[in-house]
Chemist: 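Before we start, here is the structure in question, set down as structure tokens.
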Amino acid sequence: MANTNAEHQTGERIAYLTRVQCFSASHRLHSLGLSDDENQRIFGKCNNPNGHGHNYRAEVTVRGKINKVTGMVINLTDLKECIEEVIMVPLDHKNLDMDVPYFANVVSTTENVAAYIWDGLVKILPVGEMYEVKIYETDKNIVVYRGE
Ligand SMILES: Nc1nc2c(c(=O)[nH]1)N=C([C@H](O)[C@H](O)COP(=O)(O)OP(=O)(O)OP(=O)(O)O)CN2
Ligand SMILES: [Zn+2]
């Protein structure tokens, strides 16, 4: 019978490695491109002027070859440092709209939070390794972003 083992065929294996990071932040959904009435109609309670908060959960997935010598796609110690720099330092215990310059004119939806984290990580991780950012804004509201 033919050997369908990936390593046998190509000499290498590809794996996906995910690191979970939780952070807390407040925000208000409000678009500078809309009137106050439109903001209220579209975003409803999430347009409350004084904001509201979430305990976000970020799942960062990298994809790559399992290094034959180290047995790793990426050293988790290095991935943790990248996540600290891109997620924890700028976002944790912050008001996204007021403390993070990126969100001064970008609505702080979960889609845009995921894109922000993607853009930050893709700059500092090895080329081609970033695979997916998944953000849980609540247990029920989840966004996946893959850089498309
Ligand atoms: N497309 C998006 N729509 C909405 C987003 C978003 O990020 N992307 N975000 C919000 C608000 O931030 C809001 O906080 C969501 O909270 P809520 O609806 O209260 O959360 P739940 O669904 O978990 O709560 P339920 O009370 O069970 O509905 C709104 N829209
Ligand atoms: Zn919210």
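Note that ligands are numbered from 1 as they come in the structure, with each ligand's atoms numbered from 1 the same way.
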Chemist: Taking the Zn ion (ligand 2) as the vertex, measure the angle between atom NE2 in H27 and atom NE2 in H52; round to 10°.
Modeler: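 The two atoms form an angle at the metal of about 90°.
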
Chemist: Of the protein's non-hydrogen atoms, which lies at the shortest distance from atom 1 (N) of ligand 1, and what is that distance?
Modeler: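 Among all protein heavy atoms, the one nearest atom 1 (N) of ligand 1 is E111 OE2, 2.8 Å.
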
Chemist: When rounded to the nearest 0.5 angstrom, what distance separates CD1 in I42 from OG in S31?
Modeler: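 If we round to the nearest 0.5 Å, I42:CD1 and S31:OG are 7.5 Å apart.
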
Chemist: With heavy atoms only and a cut-off of under 4.0 Å, state how L29 meets ligand 1: side chain, backbone, both or neither.
Modeler: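 For L29, the contact with ligand 1 is made by the side chain alone.
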
Chemist: Testing L96, V106, V133, L91 for side-chain contact (heavy atoms from CB on, under 4.5 Å) with Y116, which one passes?
Modeler: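 The residue from L96, V106, V133, L91 that satisfies side-chain contact (heavy atoms from CB on, under 4.5 Å) with Y116 turns out to be L91.
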
Chemist: Main chain of E148, side chain of Y145: is a donor-acceptor contact present, judged purely on distance under 3.5 Å?
Modeler: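 Judged by distance alone, yes, a pair lies under 3.5 Å.
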
Chemist: Out of V113, N141, I135, indicate the one that has the non-hydrogen atom closest to atom 16 (O) of ligand 1.
Modeler: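 The residue whose heavy atom sits nearest atom 16 (O) of ligand 1 is N141.
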
Chemist: Distance-only, no hydrogens or angles: does the N39 side chain make a donor-acceptor pair with backbone N or O of S35 under 3.5 Å?
Modeler: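 Yes; at least one donor-acceptor contact below 3.5 Å.
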
Chemist: Considering non-hydrogen atoms of the protein only, which is the closest contact for atom 19 (O) of ligand 1, and what is the distance?
Modeler: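 Nearest protein contact, heavy atoms only, for atom 19 (O) of ligand 1 is K45 NZ, 2.8 Å.
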
Chemist: Mind checking whether T138 has an N or O less than 3.5 Å away from an N or O of ligand 1?
Modeler: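 Yes, at least one N or O pair falls under 3.5 Å.
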
Chemist: Ring centres of Y136 and Y56 under 6.0 Å apart?
Modeler: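 Between Y136 and Y56, the centre distance exceeds or equals 6.0 Å.
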
Chemist: Search all heavy atoms of A104 against all heavy atoms of L32 and return the closest pair with its distance.
Modeler: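 Closest heavy-atom pair between A104 and L32: O-CD1, 3.7 Å.
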
Chemist: Are L125 and I66 connected in a single hydrophobic cluster, I mean Ile/Leu/Val/Met/Phe/Trp/Tyr linked by side-chain heavy atoms less than 4.5 Å apart?
Modeler: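 As far as the 4.5 Å side-chain criterion goes, L125 and I66 are connected within one cluster.
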
Chemist: Could you list the atoms of ligand 1 found under 4.0 angstrom from a heavy atom of H27?
Modeler: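 Per the distance check, 12 (O).
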
Chemist: Under 3.5 Å, is there a donor-acceptor pair between the side chain of R63 and the main chain of Y16?
Modeler: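 Between the backbone of Y16 and the side chain of R63 there is no qualifying donor-acceptor contact (under 3.5 Å).
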
Chemist: Need the ligand 1 atom indices (1-based, order shown) with element for anything under 4.0 Å from a heavy-atom of H54.
Modeler: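 Per the distance check, 12 (O), 14 (O).
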
Chemist: Can you check whether a protein heavy atom sits less than 4.0 angstrom from atom 28 (O) of ligand 1?
Modeler: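 Looking at atom 28 (O) of ligand 1, one finds that no protein heavy atom lies closer than 4.0 Å.
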
Chemist: Quick check on atom 3 (N) of ligand 1 - does any protein heavy atom sit closer than 4.0 Å to it?
Modeler: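 Within 4.0 Å of atom 3 (N) of ligand 1, no protein heavy atoms are found.
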
Chemist: Of the protein's non-hydrogen atoms, which lies at the shortest distance from atom 25 (P) of ligand 1, and what is that distance?
Modeler: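 Nearest protein contact, heavy atoms only, for atom 25 (P) of ligand 1 is K140 NZ, 3.8 Å.
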
Chemist: Between the side chain of D92 and the main-chain N/O of F23, is any donor-acceptor distance below 3.5 Å?
Modeler: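 No, because the side chain of D92 does not come within donor-acceptor range (under 3.5 Å) of the backbone of F23.
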
Chemist: Supply the atom-to-atom distance L79 CG to L121 CG, rounded to the nearest 0.5 angstrom.
Modeler: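 One finds 7.5 Å between CG of L79 and CG of L121.
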
Chemist: Can you name the N/O/S atom of H54 that is nearest the Zn ion (ligand 2)?
Modeler: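 Answer by atom name: NE2.
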
Chemist: Give the atoms of ligand 1, by number and element, whose distance to some non-hydrogen atom of T110 is under 4.0 Å.
Modeler: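 Matching atoms, with element in brackets: 6 (C), 7 (O).
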
Chemist: In terms of residue, atom name and distance, what is the protein heavy atom nearest to atom 12 (O) of ligand 1?
Modeler: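 The closest heavy atom on the protein side is E137 OE2, 2.8 Å.
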
Chemist: If you have a sec, work out which protein heavy atom is nearest atom 13 (C) of ligand 1 and how many Å separate them, to one decimal?
Modeler: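 The closest one turns out to be C46 SG, 2.9 Å.
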
